[in-house]
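As the structure is a computational prediction, the values presented were derived from the model and not from experiment. Hydrogens, waters and symmetry mates play no part in the numbers below; they use all other heavy atoms, side chains included. For this chain, numbers begin at 1 and follow the sequence in order.
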Amino acid sequence: MLKTSEYGEIEKQINRLFYILLVLHLVPLFFGKYFLTQDGPSHLKNAMMIKDMVLNVHSIYQSYFHINTTPNPNWIVHLFYVVLLVFLPAFIVEKIFLIAFVLILPLSFRYLVKQINPQNTFISLLIFPFIYSIAFYYGFFNFCISIAFFFYGIGYWLKNDGLFNTRKQFVFLILVSLTFFSHPVSFLMEGLVLGLLCIGFCFYENKPGIILKRLTSLLIGFAPALATFFLFLQKNSSEINVPEYYFWQYVSDQVQNAALSYLGYFDLPFCILLTAILLLFIGFSIFFRFRKKKVYRLDILIVLFLIFGVLLYFAPDDFAGGSFIFMRLALYSNILAFLFIAIYPYPAKWASISGKCFFAYALIFLVIRSYFFFITDQGLNEYRSIGKYIPEGKTFLPLVVDNVHHLPGGLRRYGEVEVYLHASSYISIERNAVCLENYEASYNYFPLHWKNNQNASTFFPENGDTLKDSSIAAFANSSGHWPDYILLWGEPDSIAQKHYLLSEINRHYSLNAKSANSYAWLYRKK
């Protein structure tokens, strides 16, 4: 256990390192007008359309979409956007949310670590690589912000020992509800962690009156969200897709930390290093528990971590209409490990050295990612440049021909995340034009839905670099209108080789413009 004087000095060091990293992680957000992720542009566009449809009954979007009036998870970010869009431009609103997220995630984790063991704040430095995780790069913003609410919810419960007066009970209920309306995976994980902590406290304390009060408070906090969750499950598909997963592939993904890696060989060594760090700390803390014959009040978390590691192998990748479930759960595998290693009181020297190492690790990781974020933004500038040729109020159908890796100026983008898949949303926002690519409107749990026969994805599946050639005429006959413009995006050679698609487009459209480096081709209806 650290002495008070030692703890004070180390705490000051860790605080400095923590806030330096906090500020530095804001820098990538200012590389360009927007920060490009795969689904992020679509969230912003849909929020803008909702705002326009609510405030203007004659909005051009009324002909294509209707607002879903049933509350569901995955709405927090949209609601945040809609409110701010009333007063601010879209790119500023996106910046505000991303800044808030980058600040809140580490601060919420630090808050939780302090409730577990206030002398282990150096562990909080490990969360920084997870700010720009693969979930973030996919643009799963609702899920990402739900992790912060998860941290605050569990931290608040631990701070009050699960025992609340009326005011604190209401605060806990709000935190749990925010977690649920951000994302159901985090909500379920929060229930799992707190439920197991309650069980652990039962064995540790053996005080029936306090146990009953704690369980009652937990049920009250979860009751409204649970009721809404069951309604959500009733309305959405209960189909579960469990991928075929070989054991050694599972082990490999866990060792490589697949929930964190998306830049191939550039970030893979650092992801493996994080796994090694976690195993080292887990092994160290377990060894000294046995050596000292010491059991801590929160040690039930190691049981949860081990059980979760086994269950993760059988986890579905699709459930209730949602996808990428396994990736989200794999991220929580890291979080559970963090919570466990935060329990043990490490020696002063260990804490001090580890804090400096974690700082260097997070800083190097940030530099590598920032370089690739900058490269991606150069491609986004090329994409957005074609938007000036689309008049306000017109419709356009964007088709992603391939997952661009070779960018203008000889720049090379790595990773398989299809980051330009919904970049057309930014053009829709800037030109106030109707973008006929809107994956969100096809799902029951998002706040905006297609009107009958307007969904273009029926004819043009969202397949990125394996886009299928489909009939534009069939879509026009079904929807009752032709798109005013068609936008192709891809590497120039890839677009030129799409002979069938180009021949179909050329029957009804004429080439109107190309971007400076021919990555974007815009066709206008004849």
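A tilted orientation is assigned to the rings of F136 and F141, their planes being inclined by 30° to 60°. A tilted orientation is assigned to the rings of F222 and F187, their planes being inclined by 30° to 60°.
Taking the ring centroids of F365 and Y132, they lie at or beyond the 6.0 Å cut-off. Taking the six-membered ring for Trp, F149 and H183 have ring centres at least 6.0 Å apart. Not less than 6.0 angstrom separates the ring centroid of F308 from the ring centroid of Y332. F35 has its ring centre less than 6.0 Å from the ring centre of F373. Remark: aromatic rings of W489 and Y383 are close, center separation under 6.0 Å. Between H449 and Y443, the distance separating the two ring centers is not shorter than 6.0 angstrom. The distance between the ring centers of F338 and F130 falls below 6.0 angstrom. Here the two rings, on F164 and F170, have centers that are 6.0 Å apart or farther. Between Y64 and H481, the distance from one ring center to the other falls under 6.0 angstrom. You'll find the ring centres of F128 and H25 inside the 6.0 Å limit.
A donor and an acceptor atom, one from each side chain of Y34 and S425, are nowhere located under 3.5 Å apart. Looking only at atom types and distance, the side chain of S133 has no donor-acceptor partner in the side chain of Y262 under 3.5 Å away. Side-chain contact check for Y61 and N432: at least one donor-acceptor pair (N or O, by modelled atom type) lies under 3.5 Å. With 3.5 Å as the limit, one finds a donor-acceptor pair spanning the side chains of N438 and N46.
With sequence neighbours excluded, no residue forms a side-chain hydrogen bond (donor to acceptor under 3.5 Å, both in side chains) with D377. With sequence neighbours left out, K168 forms a side-chain hydrogen bond (donor to acceptor under 3.5 Å, both in side chains) with N160. By the salt bridge (charged side-chain N to carboxylate O under 4.0 Å, His left out) test, K51 pairs with no residue at all, sequence neighbours left out.
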Inset, instruction - For the pair E440 and S42, evaluate side-chain hydrogen bond (donor to acceptor under 3.5 Å, both in side chains) and give the outcome as yes or no after the intermediate values. - result: CA-CA 7 Å; E440 288 186 27; S42 185; 3.3 Å; yes
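Test F172, F109, W157, Y111 against Y152 for ring pair (Phe, Tyr, Trp, His ring centres under 6.0 Å) and you get one pass: Y111.
Classification of K45 and E94 as a salt-bridged pair fails, no side-chain N sitting under 4.0 Å from a carboxylate O.
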